[in-house]
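These notes concern the structure reproduced below.
Every value quoted in this text rests on a predicted model; they were computed, and no experiment measured them. Remember, it's 1-based here, ligands and their atoms both numbered in the order they're listed.
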Amino acid sequence: MRLALDQAGLAARGGDVPVGAVVLSPDGTTVLGAGHNEREATGDPTAHAEVLAIRRAAAALGEWRLTGCTLVVTLEPCTMCAGAIVQSRVDRVVYGARDDKAGAAGSLWDVVRDRRLNHRPEVVEGVLAAECARPLTEFFRGR
Ligand SMILES: [Zn+2]
């Protein structure tokens, strides 16, 4: 989560909402992909931290299935990212702060654990939640 928080800091520097993510290898020792929000920086509406980290991890593995991998993200994933998580087959999602306005991993929706879908990763929430929420609060206070 500290690595994801470092990524969140990079997002804020570029004027993006400070959210960061990393994808860890199945044994948890290697960062396969990292990302931070780049919507403002790139003008790409899909450039969320999780999507970018998943894309980079898949590119590193040369394989779209991230079976056994863990996605760690500072903020609860939105519906788009929850979809990407299900599609990538990561086995675990760890997030920090809840997103009561747009969260799709237990708050507003629970897309990642929807029993109608064929893949449901384990979800661990609230890891370093206060530390993950702080840059977001500061970012939006400054707006
Ligand atoms: Zn998202």
Side-chain angles (χ1 to χ4, degrees), residues 1-26 28 30-61 63-143:
M1 187 59 84
R2 303 245 177 242
L3 295 172
L5 275 164
D6 290 345
Q7 287 291 316
L10 297 175
R13 215 170 296 159
D16 273 283
V17 177
V19 178
V22 293
V23 174
L24 302 175
S25 61
T30 307
V31 175
L32 297 174
H36 55 82
N37 265 348
E38 293 182 15
R39 282 192 306 184
E40 298 295 339
T42 64
D44 176 356
T46 70
H48 283 193
E50 301 95 310
V51 168
L52 296 174
I54 286 170
R55 281 185 188 151
R56 288 165 186 157
L61 286 176
E63 153 81 81
W64 66 267
R65 290 179 197 84
L66 302 181
T67 307
C69 294
T70 298
L71 175 89
V72 182
V73 58
T74 57
L75 180 66
E76 181 179 357
C78 71
T79 48
M80 174 182 72
C81 293
I85 286 164
V86 171
Q87 292 299 324
S88 72
R89 308 286 193 267
V90 297
D91 278 334
R92 193 171 304 102
V93 178
V94 178
Y95 69 83
R98 281 172 68 95
D99 184 351
D100 290 321
K101 289 184 183 142
S107 292
L108 203 50
W109 296 282
D110 200 351
V111 172
V112 293
R113 287 175 291 194
D114 190 314
R115 293 198 169 278
R116 293 167 293 184
L117 297 174
N118 64 355
H119 180 76
R120 293 184 295 276
E122 176 190 357
V123 177
V124 179
E125 66 172 84
V127 176
L128 298 181
E131 277 184 64
C132 290
R134 194 171 307 126
L136 290 161
T137 305
E138 286 168 5
F139 181 83
F140 287 110
R141 190 182 294 140
R143 300 241 132 180

Which protein N, O or S atoms lie under 2.8 Å from the Zn ion (ligand 1), given by chain and residue number? H48 ND1, C78 SG, C81 SG
Side-chain (R56) to main-chain (A34) donor-acceptor, under 3.5 angstrom: yes
Residues that D110 engages under salt bridge (charged side-chain N to carboxylate O under 4.0 Å, His left out), provided they are two or more places apart: R113
Tell me the closest heavy-atom pair linking L108 and K101, and the distance in Å. CD2-O, 3.1 Å
Give the minimum heavy-atom separation between L117 and V111, together with the two atoms involved. CD1-O, 3.3 Å
For R92, which residues count as a side chain to side chain donor-acceptor pair (under 3.5 Å) partner, sequence neighbours excluded? T70, E122
Hits for side chain to side chain donor-acceptor pair (under 3.5 Å) against R39, two or more places apart or cross-chain, chain-then-number order -> none
